[in-house]
Chemist: 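Below is one structure. I have some questions about it.
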Amino acid sequence: MDVSKNQRVAELIAELKNSRKIRNQSHFAEIVGSDKATISEIVREQIDVPKKLFGKILEAFPEISPDWLESGEGPMFRRAEPSDPFPVHVEGDYTNFGNQKVSIMSPEVMSYLREEQRQSAVHLSQIDRLIAIIEHITGTPFHRTDGK
């Protein structure tokens with residue numbers, strides 16, 4: 001059994017919980033689309049980490065470094081890239097958070113808001129896919145009222 005991968009998953013869950021990106025281990029399992037029992041067995045080192053789990057983790061939490069997750073090398077989290085869809089730029093006493101200018105807050109609050117914004121973007125993407133399916137099935141264009 002590859003204990004180091006199990007330990008990294010446990011460490012990741014603890015860090016995500018501390019940064020309030022997840023509520024608990026069950027919430028982590030829900031977000032990555034895994035069974036709660038499987039995650040529990042991984043953390044308790046009773047089973048090996050399934051290969052597909054790392055892909056699910058990286059899909060759900062793109063800020064996690066793939067190198068760290070796979071091998072333990074480098075930092076746990078990647079630095080924000082210029083293509084980051086939700087950049088945060090600090091300017092004086094304010095920061096641009098998405099399209100809003102807000103006062104500087106604690107890292108925990110900023111992390112929570114970034115996760116909420118990420119989840120909103122995922123939900124909007126899912127809605128857009130459902131609209132496309134409905135349009136395809138009905139053959140009728142869907143007219144949005146939000147201007148998009």
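The model shown is predicted, which means the values in this text are computed figures rather than measured ones. All values below were derived from every heavy atom in this structure, side-chain atoms included, with hydrogens, water molecules and symmetry-related copies excluded.
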Chemist: Could you state the interatomic distance from CZ (Phe61) to CD1 (Ile31), rounded to the nearest 0.5 Å?
Modeler: 4.0 Å
Chemist: Examine distances only and state if a side-chain atom of Arg8 and a backbone atom of Trp68 form a donor-acceptor pair shorter than 3.5 Å.
Modeler: yes
Chemist: Heavy-atom count around Glu15 CD within 6.0 Å, excluding the residue itself: above 12?
Modeler: yes
Chemist: When clusters are formed by joining ILVMFWY residues with side-chain heavy atoms under 4.5 Å apart, either directly or through shared neighbours, do Ile134 and Leu124 land in the same one?
Modeler: no
Chemist: From Leu69 CG over to Ile64 CD1, what is the distance, rounded to the nearest 0.5 angstrom?
Modeler: 6.5 Å
Chemist: How close do Ser40 and Gln25 get, heavy atom to heavy atom, and via which atoms?
Modeler: CA-NE2, 3.2 Å
Chemist: Closest approach of Lys17 and Asn24, non-hydrogen atoms and distance?
Modeler: CD-CA, 4.4 Å
Chemist: Does Arg118 reach the main-chain N or O of Ala60 with its side chain, forming a donor-acceptor pair under 3.5 Å?
Modeler: yes
Chemist: Do the side chains of Ile42 and Thr38 get nearer than 4.5 Å, heavy atoms only?
Modeler: yes
Chemist: Using every non-hydrogen atom in the two residues, find where Lys21 and Glu115 come nearest and quote the distance to one decimal.
Modeler: O-CG, 4.2 Å
Chemist: Do Gln7 and Glu11 meet the criterion of a side-chain donor-acceptor pair at a distance under 3.5 Å?
Modeler: no
Chemist: Going by an N to O cut-off under 4.0 Å, is there a salt bridge joining Lys5 and Glu70?
Modeler: yes
Chemist: Heavy atoms only: give me the nearest Arg78-Ser65 pair and the separation to one decimal.
Modeler: CG-CA, 3.5 Å
Chemist: Report yes if some heavy atom in the side chain of Ile39 is under 4.5 Å from a heavy atom in the side chain of Leu53; otherwise report no.
Modeler: yes
Chemist: Think Lys56 forms a cation-pi with Phe28, using NZ or CZ under 6.0 Å from the six-ring centre and within 45 degrees of its axis?
Modeler: no
Chemist: Identify the heavy atoms of Asp48 and Asn6 that sit nearest to each other, and give their distance.
Modeler: CA-OD1, 4.2 Å
Chemist: Indicate yes or no: at least one non-hydrogen side-chain atom of Val9 is less than 4.5 angstrom from one of Phe54.
Modeler: yes
